[in-house]
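Right, one structure below, let's go through it.
All figures in this text were calculated on a predicted structure; none of them were measured in a lab. Residue numbers start from 1 in every chain, and the chains themselves are labelled A, B, ... in the order their sequence lines are given, proteins ahead of strands.
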Amino acid sequence: MSQREFLLYDTMTRQVKPLQPLEPGHLKFYSCGPTVYSYAHIGNFRTFLTADLICRVARALGWRVTYVSNITDVGHLTEDDVADATGEDKMQRALQSKEGEQFANVWELADYYAEAFKADWRKLNLNEPMLWPKATQHMREQIVAVEKLIETGHAYVTPSAVYFRLSSFPEYGKLSGNLNKDSLQVGVRDVVVDDSKEHPGDFALWKRDEKHLMQWFSPWGWGFPGWHIECSVMAMAYLGETIDLHAGGEDLVFPHHESEIAQSECLTGHTFANHWIHTRFLQVDGEKMSKRTGNWYTVRDLVDQQGANPLALRYALMTVPYGKTLNFTMQTLRDATTAVERYAECERLAELALKKSPSGQSATAFAEELERLYEETLDALCNDLNTSVALAKGFEGTKVILRDATHLTHEQGQVARQWLDRINDLLGILRSQYADAATGDRGSAEESAALALMDARQKAKSEKDFGLADRLRSEIEAMGFEVRDTPEGPVLRRLSGLN
RNA sequence: GGCGUCGUACCCAAGUGGUCAAGGGAAAGGUCUGCAAAACCUUCAUUCGGCGGUUCGAAUCCGCCCGGCGCCUCCA
């Protein structure tokens, strides 16, 4: 068991502090997942990558991790303050959009995007949570929770909804710093005030709506739950009344997490989560990612359409620590691609060395150097998930391996192999744990054609017909591959296709 | 109006008081190669948005100013 502390910034106390599981060595972790009304974008995945890294570090420290990440498959009105049905529902809007026409109903739409989401998740080599609870599967619990809040005076019923009574929870605002409830309203545009609300900031726990595409029966009539209640209920159902760590994107601080705290703590009477972590939004080309400006990237855009190596995308998303804005550019992705390929080269060399017969020479110095770098990588991650430094340390390790390149002994190969495995456990950028996320499975016919050309080039080379050899190489490159000549013969690599 | 965050070389970026600044990309020179690619070696910020201040000492602390970005409203 490691003596290290795992330091993480805590949004609640606004300081970096050690992550301390209530039960030592067992982290109970809830990470807010996506609403599945369309494909998740790379910004979403930066948040989920943060959660993934936390799990990896915790396991590297020898902890057991109970990791739950929800999937929100219920539509919620886009304007939560609007009491009538004038607000447009995300799910409903998605169904009516061009892409949505293929779905028979919202349920199918949600299922489709939930599956697409999981596929992208695997592409990025993210650890799967132990559970992916869905909001629609926890309707009973949500209704019970709302009932209890009404009974205890923390919520009240109006003709159109059930609202949480902010005045019943004086600490509302402690996470976001929006402690002045009246100031909440000042900057808000277009607030439609529901006269039946006691306070404009009161948020909905249940919406009555008999026309809604997704509705359930409740003591307050047919309708659907408020956005915030699902996470309170699911987190507590699987992780207990007080969880160790709760994560999400920075936008969730307010109102989502603030409201979760209010509901949960009113339900149980004690602290909902001991540590809060929020991942900053990423930008693309220096601007906020938005569909309107066309700088909106999904994993499938980059990987399936543009041929990016998914592990390179993962690497790119790790170049800047989660707490700072990451400005994603194609250059970032290209840089990441060369880094990931460098690791691949290390693996090739390690395999090669392992095929040699033992040299009988000690690899101790080599091993110590790599061990030190592994420790420094882990140190960096334990220091508020400093991925920039972690990647730099890992990169130095590749330098150690590549320095000796083909001269690596069998023993060093063994050490290198082991180091690469451990670094991969930590960073996840060498190999995917998912077979279905392999990078080069598209166009394998092309690949065999390129391999044939590579053999022909090799033959031309041995016959000293360099003109032909160069022409063949150009052809291979035109097909999206490159040839790397090594002492053991040529190796074919797929080019990223990024320009 | 409230809350917050950032400004380090051509680009990305670490670094929060004391070897006057990690790492990557790009670029340049060299080694290797039939030539390339990959890899290796070398070079590449006396300087950290600006101006003041605190200090023996600051990129790092304080103040002001300039500039970027974000949240407070569906959003990771």
Could you run down nucleotides 21-36 of chain B 5' to 3' and tag each one B, S or - for protein heavy-atom contact under 4.0 Å?
-> -BSBS--------BBB
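- Sorted by first and then second residue, the ring-ring contact (aromatic ring centres under 6.0 Å, His included) pairs with a member in residues 113-132 of chain A read A/Tyr39-A/Tyr113, A/Phe45-A/Phe117, A/Phe48-A/Phe117, A/Phe48-A/Trp121, A/Phe103-A/Tyr113, A/Phe117-A/Trp121, A/Phe117-A/Trp132, A/Trp121-A/Trp132; sequence neighbours excluded.
- The side chain of A/Asn386 places an N or O atom within less than 4.0 Å of a non-bridging phosphate oxygen (OP1 or OP2) of B/rG15.
- Every ring-ring contact (aromatic ring centres under 6.0 Å, His included) that A/Phe29 has, sequence neighbours left out, goes to A/Tyr67.
- If you check every strand for non-hydrogen atoms under 4.0 Å, A/His41 touches a base.
- Side-chain N/O atoms of A/Lys324 include one lying less than 4.0 angstrom from OP1 or OP2 on B/rA14.
- Residue A/Gln283 is in sugar-phosphate contact alone, with no base atom involved, counting any heavy-atom pair closer than 4.0 Å across all strands shown.
- If you check the side chains of A/Thr486 and A/Glu488, you find a donor sitting under 3.5 Å from an acceptor.
- Taking every side-chain heavy atom of A/Phe281 into account, B/rA76 is the closest of B/rC75, B/rA76, B/rG4.
- Between A/Lys461 and A/Asp485, at least one side-chain nitrogen of the basic residue sits less than 4.0 Å from a carboxylate oxygen of the acidic one, meeting the salt-bridge criterion.
- When the shell of 6.0 Å around NZ of A/Lys459 is examined, it contains 12 or fewer heavy atoms from other residues, nucleotides or ligands.
- When distances are taken from the side chain of A/Val320 to each of B/rC40, B/rA76, B/rA13, the shortest belongs to B/rA13.
- Under 4.0 Å is where a charged nitrogen must lie from a carboxylate oxygen, and between A/Arg372 and A/Glu376 at least one such pair does.
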